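Some notes on the structure that comes next.
Sequence lines set the chain letters: A, B, ... in the order given, protein chains first and strands last, and positions in each chain run from 1. All figures in this text were calculated on a predicted structure; none of them were measured in a lab.
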There are 2 protein chains.
Amino acid sequence: MSDKPQTRIQAKNRAAILTAGLDTFSQFGFRGSTLDQIAEAAGLSKPNLLYYFPSKDAIYTALLERLLDTWLDPLIAMNADGDPIEEIMSYAMRKLEMSRDYPRESRLFANEILQGAPHIAGHLSGDLRKLVDEKAVVIRGWAAAGKIADVDPHHLIFSIWSLTQHYADFDVQVRAVLGKDDWYADAGAHLDGLLRARLLPG
Amino acid sequence: MSDKPQTRIQAKNRAAILTAGLDTFSQFGFRGSTLDQIAEAAGLSKPNLLYYFPSKDAIYTALLERLLDTWLDPLIAMNADGDPIEEIMSYAMRKLEMSRDYPRESRLFANEILQGAPHIAGHLSGDLRKLVDEKAVVIRGWAAAGKIADVDPHHLIFSIWSLTQHYADFDVQVRAVLGKDDWYADAGAHLDGLLRARLLPG
DNA sequence: CGTTCGTTTGACCAGTTGGTCAAATCAAGA
DNA sequence: TCTTGATTTGACCAACTGGTCAAACGAACG
């Protein structure tokens with residue numbers, strides 16, 4: 001929004017607060033997180049924290065907005081003029097990489113949705129729905145042209161979201177069941193096989 | 001555990017508390033829920049609620065235990081002697097029905113896992129892992145016998161969990177994007193097509 | 001040096017939290 | 001009816017919550 005000039009110390013502390021908030025909110029949700037918790041994680045006193053952000057809600061909202069800005073980039077990048085199967089597959093793989101590289105962001109989003117999306121309900125039925133509908137048209141076009149098998153575009157997208165985000169959101173369960181911490185390679189291979197089998201035309 | 005005889009009024013109030021707790025905990029998580037909230041939803045006063053359960057934690061734990069008892073039933077029911085593809089498919093369909101019929105239970109579980117599974121970590125690496133490993137052996141046997149395509153059993157199970165639970169846990173998002181409330185039939189058809197394409201041998 | 005302005009903090013506040021307790025109420029049997 | 005035990009509640013508490021504020025600190029600049 002407004003980009004007032006920031007001193008180095010402001011930039012550093014704001015960043016520290018956002019990181020601490022991400023850690024905390026992504027684990028305990030909005031109501032389950034406390035300012036003291038976030039302040040301690042950021043290495044600041046509580047009043048100091050409130051010097052940089054006016055309220056707990058402001059920290060949370062800032063995080064959500066930053067998240068929404070980047071969260072849908074991979075879907076936006078899906079190109080109607082590319083090779084259909086490769087476009088869909090690389091979208092899925094990019095999402096899987098995000099689960100590996102940004103699990104806290106994934107869990108923050110999951111928490112928000114689980115609680116009924118009180119802060120971003122409008123975004124879901126606005127921007128998000130519009131974007132998904134657009135891409136659904138593209139996918140339906142690919143299917144109609146016989147480039148991929150006939151598939152419900154919306155539910156295909158839901159499948160990619162759920163399959164990939166599961167590894168970030170349910171990380172504890174995945175690691176407990178597998179008995180190891182490194183799921184990425186196997187998950188990638190599995191996801192590739194699962195989606196390709198469904199998408200190959202004929 | 002101990003089944004002391006319960007009066008009708010005890011049974012009724014305990015049930016009301018558990019229902020209210022399920023509503024609340026599944027939406028706000030453990031730390032985000034308050035006893036006052038639960039008491040009001042149960043139609044009881046807070047001290048009255050604490051007459052039936054010794055603490056907030058006890059309500060939450062009771063709910064989680066009741067959940068774990070039934071949550072894995074569909075997976076347990078997967079029969080090594082049945083038709084492989086139909087066994088896997090009906091497992092997936094049963095899980096999808098559970099997302100439709102017991103979304104609060106699904107969200108309660110999701111919340112617990114998101115927060116690092118503090119109450120059921122042992123269960124995950126114990127009972128759950130054992131059960132999944134057993135079924136993985138069965139699935140691997142089916143693949144070795146050429147009854148289904150070669151697939152990573154653990155990640156296949158993760159796929160079924162994520163694909164089905166997504167509709168309960170991310171219900172708000174699903175309904176916002178679809179623009180309608182009724183996802184069950186379409187999700188079932190999609191899931192059937194997705195899994196069958198991957199599992200058919202040859 | 002002194003001023004100025006961005007930064008930090010200790011003390012504080014009102015409201016909420018999980019939980020306690022003694023007293024009151026109720027239901028049912030003797 | 002009276003008694004007994006189960007049930008319910010208002011009053012209360014200590015700890016914690018998000019948030020405020022005046023005072024103190026800090027660094028850069030004249």
Exercise. Using only heavy-atom distances, determine whether the side chains of B:H154 and A:D186 contain a donor-acceptor pair under 3.5 Å.
Key: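 On atom types as modelled, these side chains do not qualify, holding no pair under 3.5 Å.
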Practice problem: Please answer whether the main-chain N or O of B:E105 pairs with a side-chain N or O of B:S26 as donor and acceptor at a distance below 3.5 Å. | Solution: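 No; zero donor-acceptor contacts below 3.5 Å.
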Nucleotide [N], atom [atom2] - distance to [atom1] of [X] in whole Å:
X	N	atom1	atom2	value
A:L35	C:dC12	CG	P	21 Å
A:K12	D:dA27	NZ	C1'	14 Å
B:K46	D:dT8	NZ	C1'	15 Å
A:Y51	C:dT7	OH	P	4 Å
A:L50	C:dC13	CG	C1'	14 Å
B:E40	D:dT9	CD	P	13 Å
A:K56	C:dT16	NZ	P	14 Å
B:I17	D:dT8	CD1	C1'	12 Å

Exercise. Check whether more than 12 heavy atoms from other residues, nucleotides or ligands sit under 6.0 Å from atom OH of B:Y102, and answer yes or no.
Key: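 Open: at most 12 neighbouring heavy atoms sit under 6.0 Å from OH of B:Y102.
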Quiz item: How about A:E40: does its CD atom have over 12 heavy atoms from other parts shown lying under 6.0 Å from it?
Solution: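 Counting neighbours around CD of A:E40, 12 or fewer heavy atoms of other residues, nucleotides or ligands fall under 6.0 Å, so no.
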Quiz item: Which part of the nucleic acid, if any, lies within contact of B:I9, taking any heavy atom under 4.0 Å across all strands shown: a base, the sugar-phosphate backbone alone, or nothing?
Solution: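 Here B:I9 touches the backbone only, sparing every base.
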Practice problem: For B:F53, report the nucleic acid contact type (base, sugar-phosphate, nothing); a contact means any heavy atom under 4.0 Å. | Solution: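 Nothing, no nucleic acid heavy atom in range.
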Looking at [N], I'd like to know if its phosphate oxygens (OP1 or OP2) sit under 4.0 Å from a side-chain N or O belonging to [X].
X	N	result
A:Q10	C:dG6	no
B:Y52	D:dA6	no
B:S45	D:dT9	yes

Quiz prompt | Nearest-nucleotide comparison on DNA chain C, the residue closer to the 5′ end among A:P47 and B:T34 | solution =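 Nearest nucleotide further toward 5': that of A:P47.
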Quiz item: If each of B:N48 and A:R31 is mapped to the nucleotide of DNA chain D with the nearest heavy atom, which maps nearer the 5' terminus, i.e. the 5' end?
Solution: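 The residue closer to the strand's 5' end, by nearest nucleotide, is B:N48.
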Quiz item: What nucleotide among C:dT8, D:dG18, D:dT8 has an atom nearest to a side-chain atom of B:N13?
Solution: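 Looking only at side-chain atoms, B:N13 lies closest to D:dT8.
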Self-check item: Stacked cation flag A:R14 on A:F53, 6.0 angstrom / 45 deg
Solution: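 Relative to the ring axis of A:F53, which defines the angle, A:R14 lies inside both limits.
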